[in-house]
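Reading through the structure tokens given below for one structure.
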2 protein chains.
Amino acid sequence: MSKDTPPTVPTHTTKQRRSSDQVTLSQVAKAAGVSPITASRALNHPDKVSDSARDSVLAAVEKLGYVPNLLAGSLASSRSQLIAVIVPSLINTVFVEVIQGLQETLEAEGYQILLGNTDYDLDREYQLVRTFLGWSCSALVTAGLRHNKACHTLLTNCGHPIMEVMELGEGMDLNVGLDHVAAGRCMANHLIDKGYRHIVYVGARLSQDYRASMRFEGHEAVLKGAGLDAPLVELDTLGSLQAGAEGLAQVLTQYPDTQAIHFANDDLAAGALLAAQRQGLNIPNDIAIAGFNGLPLGQHLTPQLTTILSPRKEMGRLAAKELIRRLSGKNVYRRQHDVGFKLQLGEST
Amino acid sequence: MSKDTPPTVPTHTTKQRRSSDQVTLSQVAKAAGVSPITASRALNHPDKVSDSARDSVLAAVEKLGYVPNLLAGSLASSRSQLIAVIVPSLINTVFVEVIQGLQETLEAEGYQILLGNTDYDLDREYQLVRTFLGWSCSALVTAGLRHNKACHTLLTNCGHPIMEVMELGEGMDLNVGLDHVAAGRCMANHLIDKGYRHIVYVGARLSQDYRASMRFEGHEAVLKGAGLDAPLVELDTLGSLQAGAEGLAQVLTQYPDTQAIHFANDDLAAGALLAAQRQGLNIPNDIAIAGFNGLPLGQHLTPQLTTILSPRKEMGRLAAKELIRRLSGKNVYRRQHDVGFKLQLGEST
DNA sequence: ATGAAAGCGCTAACAT
DNA sequence: ATGTTAGCGCTTTCAT
């Protein structure tokens, strides 16, 4: 309640600044009858201090309600327990799940996440990287391997571990992801195996979601290889379920003899499936539908959605583990980690 | 390029530390031919510096690739551009959407979000608050009004603005949310108006999701007021769609003459709806289903889900705005902000 | 095992 | 408008 203003009346001796009435380590030390540095050690390296010293420091900490100033500590040691995580969007559950995996692992090790959202803007990413480096974050996690020139330079030269997640590839440092081109191939192969010949790929904002266009590449290669056309429908609709519904409509008018639609993700596919049902279409007889991600929703639809399961949370966990490994000075055997994917057969194809 | 390489070999005079070869403001100042403080002002208070000084500082910044050390700046000024955001979970989209709203508004003002996840554990929340205070975050946002004793004390005494979001009520400082009891009443009234008499409320982990139990309170009050029973089914299943399906099953066996189910949220309701369809049940004739949140999914189902729309992103935005208002020293007219809710009629009731 | 002194990079306070 | 000085709270280095 009472957020009254602090005493703005300094004693008129020297330059006093201590506006914040925060308890400092020195005060703890004094209360414990030791020097500040001993108090510091008691908290950070308990084994390098006598039992009695440690006990009295801990007691003083408790009594005074001391909260360490992490800013000061990090500045002095030029190390921080901050890890920057930069994602293009939070609307897409996929990134949230990766963050979950990261967070659960990193928080357990005492790291805090500095979260940044680029909104699919690479210049914004660069700005965020600058800011986060200014916070002396001890590592950075970025979604994806694509950055603008300045950002790339900054990251490669910053001296901190960099973890690029989502897609597998030659990154600047560490990388955890999966092969999206292969995933696209996988689904295309499945659809061909099922006997479909008129197959359309539907994605939304592919220039932003370039991983979806990597999947299209794989899809296209397989179809072309089988002597088939590989038409692409690109949508610009916000809201994925809605976009899926529109994708379906567009395909039905633009390519009326389509037998199967390969959607760039499960949200689109689910939107199409639900819209199709509302229109009385039979899936997969009238039209087959496939997605990507393996979201729970797909398994609760009737028919169940055929999709590709990507281990998103696991990706976050693994990325965090490898980062921690690196930060604790251990050997990093592999810079690249393929988390793989799995074709999940449903009834929609 | 006139400068020599960073001195990795300390001159043997005094205690040298500069391990990080980071460009400092002093170096920028020297390159610009001004004093460090002028360089500082040129960057932080451009209007308090001559044009020529500002230009040369900016040029030097560019040339040297200077990245401000935010740690040092914050320590010196005892202000940071960090805002702590503490949520109980990221699995629940609701919190993610609030974070989105916060982030979009806060990042635009130059604030960074420190994200914490309590996993519905109030002791963990306390720890996170301590840590974040250690980072001198300039404000804290927490999801909910319930905290443990220590956390409450710490927050009220920390001297920073506190924003409690999600539910409306008497908080410690600022509050943006909606009245969940009223929301529960609203839906119960709707169901009664529709003529349903046997109505079951289904929730998952209500001790954690206490806002869902607040909605039940409202629901219960209305039903009791109408002389009806208000049975409650509580689930312990992870994964909301799945839980919804199980909730439906449990209701059907436990309360076979149920006419309507009021689910604690849309995920549960959608799971039940999809499961009901798979079982060949007609909704709402065999059984009516209602949810809470107004997730897009509900509007894409057939029948469309009757639910209550909560302005989650808007909640985040408003919370951020009020916080910024407070942080910039402006008057805060109201501490509490009711973002309201809206009954969204579907075909499922 | 403990301490004294110096310094991390920056900005507030007090000059001019 | 610019500079000087001191200090934010902590940890490093070096000494005992």
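Naming convention: chains lettered A, B, ... in sequence-line order (proteins, then strands); numbering from 1 in each chain. In this text, all values refer to a predicted model and were calculated from it rather than measured experimentally. Computed from heavy atoms alone, side chains included, the values below leave out hydrogens, waters and symmetry copies.
B:Arg79 has a side-chain polar atom (N or O) that falls below the 4.0 Å cut-off from OP1 or OP2 of C:dA12. Contact check, B:Ser50 against D:dT2: a side-chain N or O comes under 4.0 Å of OP1 or OP2. For the OP1/OP2 pair of C:dT11 and a distance below 4.0 Å, the side-chain nitrogens and oxygens of B:Ser40 include at least one atom meeting the criterion. At C:dC8, none of the side-chain N or O atoms of A:Ser78 fall inside 4.0 Å of OP1 or OP2 (strictly under the cut-off). The phosphate of C:dG3 (OP1 or OP2) has a side-chain N or O of A:Ser35 nearer than 4.0 angstrom. One finds a side-chain N or O of A:Thr38 lying less than 4.0 angstrom from the OP1 or OP2 phosphate oxygen of C:dG3.
Here the side chains of B:Arg130 and B:Leu154 are in contact, with some heavy-atom distance below 4.5 Å. In this structure, B:Pro88 and B:Phe95 have side chains that are in contact, with non-hydrogen atoms separated by less than 4.5 Å. Side-chain contact between B:His147 and B:Glu164 is present, with heavy atoms from C-beta onward closer than 4.5 Å. Counting only heavy atoms from C-beta outward, the side chains of B:Tyr126 and B:Leu122 never approach each other to under 4.5 Å. Side chains of A:Trp135 and B:Ser74 form a contact here, defined as non-hydrogen atoms less than 4.5 Å apart. The side-chain heavy atoms of B:Val57 and B:Val28, taken from C-beta on, include a pair separated by under 4.5 Å. Side-chain contact check for A:Phe132 versus A:Leu82: every heavy-atom pair is 4.5 Å or farther apart.
Using a 4.0 Å heavy-atom cutoff across all strands shown, A:Arg54 reaches no nucleic acid atom at all.
Residue A:Asn69 contributes atom CG, which lies 6 Å from atom C1' of D:dG9 at whole-angstrom precision. Rounded to a whole Å, the CG atom of A:Asn44 is 9 Å from the C1' atom of D:dC10. Distance, A:Gln22 CD to D:dC8 C1': 10 Å, rounded to whole Å. If you measure from atom CZ of A:Arg41 to atom C1' of D:dC10, you get 13 Å, rounded to the nearest angstrom. What separates CG of A:Leu70 from P of D:dC10 is a distance of 10 Å, to the nearest Å. Rounding to whole angstrom units, CG of residue A:Leu43 and P of D:dT12 are separated by 13 Å. In this structure, B:His45 places its NE2 atom 10 Å from C1' of C:dA12, rounding to the nearest Å. One can place CD of B:Gln27 at 11 Å from C1' of C:dG9, the figure rounded to the nearest angstrom.
Among the nucleotides C:dT11, C:dG3, D:dG3, the one closest to the side chain of A:Ile37 is C:dG3. Here C:dC10 is the nucleotide among C:dC10, D:dC10, C:dT2 with the atom lying nearest to any side-chain atom of B:Tyr66. Checking C:dG3, C:dC8, D:dT4 against every side-chain atom of A:Leu75, the shortest atom distance belongs to C:dC8.
Across B:Asp123, B:Leu140, B:Val85, B:Ile86, a single residue satisfies side-chain contact (heavy atoms from CB on, under 4.5 Å) together with B:Leu128, and that is B:Ile86.
Comparing B:Ser52 and A:Leu25 by the nucleotide of DNA chain D whose heavy atom lies nearest to each, the residue mapping closer to the 5' end is B:Ser52. Where A:Ser26 and B:Lys48 meet DNA chain D, the nucleotide closest to each residue was compared, and B:Lys48 sits on the side nearer the 5' end.
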Report task. Report the secondary structure of DNA chain C in dot-bracket form, marking unpaired bases with a dot and bases paired to a different strand with |, and treating Watson-Crick or G-U pairs with both distances under 3.5 Å as paired. Result -> ||||||||||||||||
